[in-house]
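Here the structure comes first, spelled out in structure tokens, and everything after it is commentary.
Whatever order the structure lists ligands and atoms in, that order sets their numbers, starting from 1.
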Amino acid sequence: MKKILFTLLCLFALTGMAQEISLIPQPAEMKVNEGKFLFRGKVVLCYPKIKDSGIDAVVDNFVDEMKAATGIKLKKDRFKNAKLSGLDVIMSCKKGDAHIVLSVDESLGDEAYSLSVSAKRIDITAAKPAGFFYAFQTLKQLMPRNVMAGVPDATIKEWSVPCVEIEDEPRFGWRGFMLDEGRHFYGKEEIKKILDVMAAYKMNRFHWHLTEDQGWRIEIKKYPKLTEVGAWRDSKVLGWGDVKPDGQRYGGYYTRKDVKEIVEYAKERFIEIVPEVDIPGHSQAAVASYPEFLACDPENKHEVWLWQGVSADVINVANPKAVQFAKDVIDELTEMFPFGYIHLGGDECPTSKWERNSECQALLKEIGSTNYRDLQIHFYKQLKEHIAQKPADKQRKLIFWNEVLHGNTAPLGDDITIMAWIGADRAAVDAAKRGMNTILSPQIPYYINRRQSKLETEPRSQGHGDETVERVYNYKPMNGVDAELQPKYMGVQANFWTEWVEEPSVVQYLMLPRLAAVAEAGWTPAEKRDYNDFVKRIQGEAVYYRLKGVDYGKHIFK
Ligand code: ACM
């Protein structure tokens, strides 16, 4: 009897306890108050009716997610006068037992929101749909993790949110993640999972590295062989050292229909997709598809590469058909991706084949240079001009890896964005000083495909396990940068290269939880970031990952 009483008391103590709060990323300002908002009876979600504002879609998704994960059916009620706030809104809302109230404050930033939870009401204020979306993400993170994971939990009988006051906005506008699917192809269900996890951490740019020496992964209507030939190779593993190609037919690509589906999925989560076609280097798969005009030596055999490394089989930038090819690919990418940016790569582009090619030699003379690196810049300039001639809604800004800053004598102009990876801090300063925008994706420690611990169980990948969660977390973006250069720093990005990673579960394992650490660097004010606190907050994420069906690195979980 005593034992039963003790158990009952414990259960009561547990349910009566203040709900654990562990938000990731940590909000800019948060005050935790006593008490909780209980979902009970008729809860009315009251929000302004603003034509074509995008708010309806955000609300509808939240209502659907709540129903799916908790069974709670929120009653939607749109009010006409969008200028109303606070009690005035309540007066114009339908009667209910409790309310969630959205109001517009145009003085807030596009991604900012405030969230006030009291025992009676949840008030959310934002200027734009993205702000409301992030407020709902925070609200879901304040509830048991099955809500963010979108999985029902029949054992939970009472749903509540702790009372908090949050004023939140991101430190940086660019909070990105790059996945290389050129080396290995994972498919759209995996991409959706990644987009979900990114959205949970309020990340907003998915940089999709779609082409490589080892595979071309996106259907381009005008050049069908890119996927008929370029998406397939005769080995799943990529050869390196003692590891030899395995002879297995391997590959895959995204059709236009797949891309449309993924674009819609990303848009719902306020994630812009940045497609990358890495040209003219890292292009052997394209060259193998159309050697007749892309190869510097069409007389030789070209195949999709079975090895790791940097191939010398680059596009012949002196062939007008190759330039036209690049323009056509950009046109199709522009159609498929209704976002702001296209990435054209630009890293690791050997010039050895150009040096031996008579067309390249002639073109170099024609542009008045003796530096073969200038051919690469000349190629990009033609693509930039092509884009500049498009109508406003088809304009796209270009991003390049930081190699394009150096080694050439004919710079590309300051209207490009530099993604800084090698010697990233210095490269970013260099770009900013030249008037270019820049994004920090330092190879060490933001290449989160590298091993994250020295544990024996760590999967095969690059590095020695030194890029731990702590190391990633403690990288300080824009540290010590002069105030006048800081506006050029758009944000941060984690990159994931897949030479060694054949399976999606290994992508997940290496990516998590380090992605959360990068997300926090992108969102949370520098002075509010604290690794020990992050370790405490991340513990519960193991539940989220398990419910979501994604693997994760275990070394910092207790
Ligand atoms: C890169 O890591 N080659 C951008």
>> For a ring-ring contact (aromatic ring centres under 6.0 Å, His included) check, start with the C-alpha distance between Trp208 and Tyr254, then their side-chain angles and the critical distance, and finish with the verdict.
In response: CA-CA 12 Å; Trp208 206 359; Tyr254 294 99; 4.8 Å; yes
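The Glu348 neighbourhood of ligand 1 comprises atoms 3 (N), with distances under 4.0 Å to a heavy atom of that residue. Heavy-atom contacts of Trp497 reach the following atoms of ligand 1: 1 (C), 2 (O), 4 (C) (cutoff under 4.0 Å).
Around atom NZ of Lys244, more than 12 heavy atoms belonging to other residues, nucleotides or ligands sit under 6.0 Å away.
Under 4.0 Å from ligand 1, not a single heavy atom of Gln443 appears.
In this structure, CD1 in Ile556 is found 8.0 Å from CD in Gln452, a value given to the nearest 0.5 Å.
A cation-pi arrangement is absent between Arg396 and Phe339, since the terminal nitrogen or guanidinium carbon is not both under 6.0 Å from the aromatic centre and inside a 45° cone about the axis. The cationic atom of Arg269 (NZ for Lys, CZ for Arg) lies less than 6.0 Å from the six-membered ring centre of Tyr265 and within 45° of the ring axis.
The protein non-hydrogen atom at the shortest distance from atom 3 (N) of ligand 1 is Asp347 OD2, 2.7 Å. With respect to atom 2 (O) of ligand 1, the closest heavy atom belonging to the protein is Tyr447 OH, 2.6 Å.
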